[in-house]
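Just the heavy atoms: all of them, side chains too, but no hydrogens, waters or symmetry mates, feed the values below.
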Amino acid sequence: MPDCLAPTGGDVPIVGIFVLALCALAAGLLVIRRRRGATRTRRGTALALALVLGIGALSTGVAAPTSAAAATGCSTIADDTDIAFVSGGVTYRGSYRAPVDPSRPVAAAVIVGGTGEVDRDGDGACIPMGEYRWLAGLLSAEGIASLRYDKLGTGATGLGPDAGDPDALLTLGYDRIRVQPVRDALSFLAAQAGVDRTRLLLVGHSEGGAVTLAVASGPGSAPAPAGLLLIEPSYDRILDVVPRQLDEQLDAAIAGGAMTSADADALKTWMTDGVEQIRSGTPPYPAPGPAPVPDATGYAAVMQSTIAGNIFGSDPAQMVISHAYRTPYGKQFDEIDPAALAPSIEVPTLVTCGTKDTNTPCGDGSAGSGVASLAGTFAPGVARFVELPDVVHILRDVGADDVPNLADQVAYPLSAQLELAAFVAPFRT
């Protein structure tokens with residue numbers, strides 16, 4: 001059991017002293033139990049632990065914690081500290097949760113975020129989603145240090161040295177902007193006092209799952225991760241996934257009478273041609289031709305604008321937030337195939353998907369259908385695949401409700417079904 005450290009500054013409350021005493025009592029009884037194996041002692045140990053948890057619940061006003069680290073009533077991981085590390089000439093800003101006692105090395109994780117204008121905490125687009133801060137909390141409860149950071153284009157990192165000339169970003173590739181910062185974050189984490197560099201984890205959400213696989217299969221000079229947690233990960237090449245999702249939206253619009261089949265077919269053909277130009281061509285790409293539905297209105301205009309911005313766009317600020325693929329960055333991103341990388345992974349890997357996740361759906365297990373198909377490409381015994389019933393992409397549990405909008409999903413609780421304790425247990429010791 002970890003030591004119970006008194007807080008710095010101020011006196012320890014009486015309840016706190018009582019909890020500390022019970023921690024010690026429980027530890028002593030555990031030792032006696034091992035020596036005697038007596039039933040009476042076993043009951044005494046259970047009673048002492050129950051008292052510890054009960055007093056902890058009374059003192060905090062919430063239910064007793066269930067994680068291995070929190071069950072002792074003693075925190076082994078400190079709160080957030082602002083940090084900075086450099087990658088590719090950009091200073092990345094982040095939050096680090098360090099071990100309270102650096103003399104007792106712990107496992108540590110880098111949390112790799114997904115697509116969109118989301119910062120280190122998972123907040124963005126004026127919506128306080130907070131899923132990455134929450135993941136850091138789950139890791140802390142298991143005694144695991146963590147680092148999360150604002151990717152380029154978000155939060156305190158911003159556009160870095162290119163803020164005054166965003167067009168300079170157009171020459172940069174995906175590895176430089178997205179993958180290398182994860183390697184450098186791992187190196188930063190491994191150098192911190194109290195972090196065991198042989199027990200480093202990568203936690204990748206959404207696009208961060210694909211990045212995590214890219215780093216794990218090619219860590220370069222960074223320390224190799226000892227385990228991966230792929231939470232609602234990207235499961236296929238991005239220029240297969242995005243057109244597939246847009247096709248589904250177009251089909252739904254036709255069925256709902258929001259646009260004509262002729263307009264939808266024209267947009268689908270335009271999108272297919274754009275993807276082929278990216279994949280077969282070499283940056284810099286020529287300027288795209290005119291949009292196929294020049295007089296588009298209503299939903300047809302919305303979809304045409306969406307396709308134009310993603311498949312045919314090359315705005316640098318948009319590129320690093322939600323992607324404009326007609327760039328060296330977009331072409332390299334599309335070359336990352338999670339299903340092709342997975343068979344090379346040899347470290348324990350957790351793969352999850354929410355059954356109500358429409359961004360990275362579970363699928364039916366067939367190639368390219370969703371996260372289940374990705375999980376099936378790992379070598380036998382490497383990956384543990386877990387479906388999370390009624391969970392959406394931002395890890396909220398919406399139950400039986402149909403909640404398609406992010407702004408509405410945040411009213412629901414972050415899912416208790418994402419249980420990390422069993423997976424991370426081997427890394428705690």
Side-chain angles (χ1 to χ4, degrees), residues 112-116 131 174 178-179 201-218 225 227-252 268 271-272 275-276 278-279 310-311 323 325 330-395 398 404 415 417-420 422-423:
V112 187
T115 299
E131 67 268 32
Y174 191 79
R178 284 286 182 264
V179 182
L201 305 173
L202 284 177
V203 183
H205 174 251
S206 192
E207 179 192 340
V211 176
T212 289
L213 286 170
V215 173
S217 61
L228 310 179
L229 293 85
L230 307 181
I231 312 299
E232 317 300 300
S234 297
Y235 55 90
D236 204 351
R237 293 178 66 180
I238 193 63
L239 288 180
D240 286 331
V241 173
V242 170
R244 187 182 303 133
Q245 292 176 343
L246 293 175
D247 276 350
E248 292 172 355
Q249 293 178 42
L250 290 167
D251 290 341
K268 288 181 180 181
M271 181 166 54
T272 300
V275 169
E276 178 57 28
I278 293 170
R279 287 181 168 174
N310 280 272
I311 307 302
H323 302 311
Y325 299 103
K331 183 177 178 68
Q332 287 184 14
F333 183 16
D334 180 57
E335 290 170 352
I336 294 179
D337 185 351
L341 294 174
S344 68
I345 302 301
E346 298 179 346
V347 298
T349 300
L350 174 67
V351 183
T352 79
C353 72
T355 61
K356 289 193 174 179
D357 186 339
T358 57
N359 294 74
T360 54
C362 293
D364 59 12
S366 61
S369 66
V371 176
S373 66
L374 171 63
T377 61
F378 285 84
V382 170
R384 177 190 174 200
F385 175 56
V386 178
E387 285 192 357
L388 306 175
D390 298 325
V391 171
V392 295
H393 193 64
I394 60 169
L395 306 178
V398 300
S415 180
Q417 298 179 69
L418 184 60
E419 175 53 63
L420 303 183
F423 179 80

Test item: [X] and [Y] side chains (from C-beta on) under 4.5 Å apart, heavy atoms:
X      : Y      : result
Asn359 : Val392 : no
Cys353 : Phe385 : yes
Val215 : Val179 : yes
Asp334 : Tyr174 : no
Glu131 : Glu232 : no
Ile231 : Leu395 : yes
Thr358 : Pro404 : no
Phe423 : Thr352 : no

### Task
Could I get the full list of salt bridge (Lys or Arg N to Asp or Glu O under 4.0 Å) partners for Lys331, not counting sequence neighbours?
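Salt bridge (Lys or Arg N to Asp or Glu O under 4.0 Å) check on Lys331 returns nothing, list empty.
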Heavy atoms only: give me the nearest [X]-[Y] pair and the separation to one decimal.
X      : Y      : answer
Lys268 : Asp251 : NZ-OD1, 2.5 Å
Val371 : Thr360 : CG2-O, 3.5 Å
Gln417 : Pro389 : OE1-CD, 2.7 Å
Ser373 : Ser366 : CB-O, 3.1 Å

### Test item: Ser206 side-chain N/O and Pro233 main-chain N/O as donor-acceptor pair under 3.5 Å
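Not confirmed, Ser206 side chain does not pair with Pro233 backbone.
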### Message
Keeping Thr115 on the side-chain end and Glu207 on the backbone end, is there a donor-acceptor pair under 3.5 Å?
### Response
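Between the backbone of Glu207 and the side chain of Thr115 there is no qualifying donor-acceptor contact (under 3.5 Å).
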### Query
What orientation do His393 and His205 show, parallel under 30°, tilted 30 to 60°, or perpendicular over 60°?
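Tilted.
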### Query
Out of Val242, Val241, Asp247, which one pairs with Arg244 under the side-chain contact (heavy atoms from CB on, under 4.5 Å) rule?
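Exactly one option meets the side-chain contact (heavy atoms from CB on, under 4.5 Å) with Arg244, and it is Val241.
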### Query
What's the spacing between Ile278 CD1 and Phe333 CZ if we round to 0.5 Å?
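Interatomic distance, Ile278 CD1 to Phe333 CZ, rounded to 0.5 Å: 12.0 Å.
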Compile the donor-acceptor pairs under 3.5 Å between side chains in residues 335-350 and protein atoms, sequence neighbours left out, one pair per line.
{"residue": "Asp337", "atom": "OD1", "partner": "Ala339", "partner atom": "N", "Å": "3.2"}
{"residue": "Ser344", "atom": "OG", "partner": "Leu341", "partner atom": "O", "Å": "2.7"}
{"residue": "Thr349", "atom": "OG1", "partner": "Val347", "partner atom": "O", "Å": "3.0"}

### Residue list, side-chain contact (heavy atoms from CB on, under 4.5 Å) with Glu276, at least two apart or on another chain
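With sequence neighbours excluded, Glu276 shows a side-chain contact (heavy atoms from CB on, under 4.5 Å) to Ser280, given in chain and number order.
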